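In this chain, residues are counted from 1 in sequence order. Computed from a predicted structure; not experimentally measured.
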Amino acid sequence: MRYRTAPQRNGAASLEKLGWSRLLFLRKATGRDPITQEEAAEVDRLGIRWLTLG
């Protein structure tokens, strides 16, 4: 039986692909800067999952 492995994720490389600085990422992750539909699609494609705090 073959198992699929999760893709390796590199945060810095993902930010580079998005064209975001760490500060811009933080602003987008906290909702202080809106995410466009195109950005949301790219974030999903890169496998980025947002952390939700209670």
Side-chain angles (χ1 to χ4, degrees):
M1 180 183 284
R2 290 182 161 212
Y3 293 98
R4 288 181 46 183
T5 59
Q8 295 294 320
R9 293 186 179 98
N10 180 322
S14 294
L15 290 182
E16 187 175 319
K17 287 177 184 176
L18 288 165
W20 295 353
S21 66
R22 289 188 290 171
L23 178 59
L24 182 57
F25 173 78
L26 183 60
R27 292 185 58 78
K28 297 220 180 242
T30 59
R32 293 175 187 229
D33 199 355
I35 297 175
T36 67
Q37 288 181 340
E38 294 81 14
E39 289 171 332
E42 184 65 10
V43 163
D44 188 50
R45 188 187 73 74
L46 291 170
I48 297 171
R49 300 290 176 255
W50 302 114
L51 176 62
T52 303
L53 303 174

task: Report the C-alpha distance between D44 and R49 in whole Å, list the side-chain angles of each, state the deciding distance to 0.1 Å, and finish with yes or no for side-chain contact (heavy atoms from CB on, under 4.5 Å).
output: CA-CA 8 Å; D44 188 50; R49 300 290 176 255; 3.3 Å; yes
field: V43 and W20: CA distance, side-chain angles, deciding distance, side-chain contact (heavy atoms from CB on, under 4.5 Å) verdict
entry: CA-CA 11 Å; V43 163; W20 295 353; 3.8 Å; yes
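For the salt bridge (charged side-chain N to carboxylate O under 4.0 Å, His left out) with E39, the qualifying choice from R45, K28, K17 is K28, the only one to do so.
L24 and L26 fall into different hydrophobic clusters, where Ile, Leu, Val, Met, Phe, Trp and Tyr are joined by side-chain heavy atoms under 4.5 Å apart, directly or via other members.
Rounding to the nearest 0.5 Å places CG of L15 at 8.5 Å from CZ of R22.
A heavy-atom distance below 4.5 Å is found between the side chains of W50 and I35.
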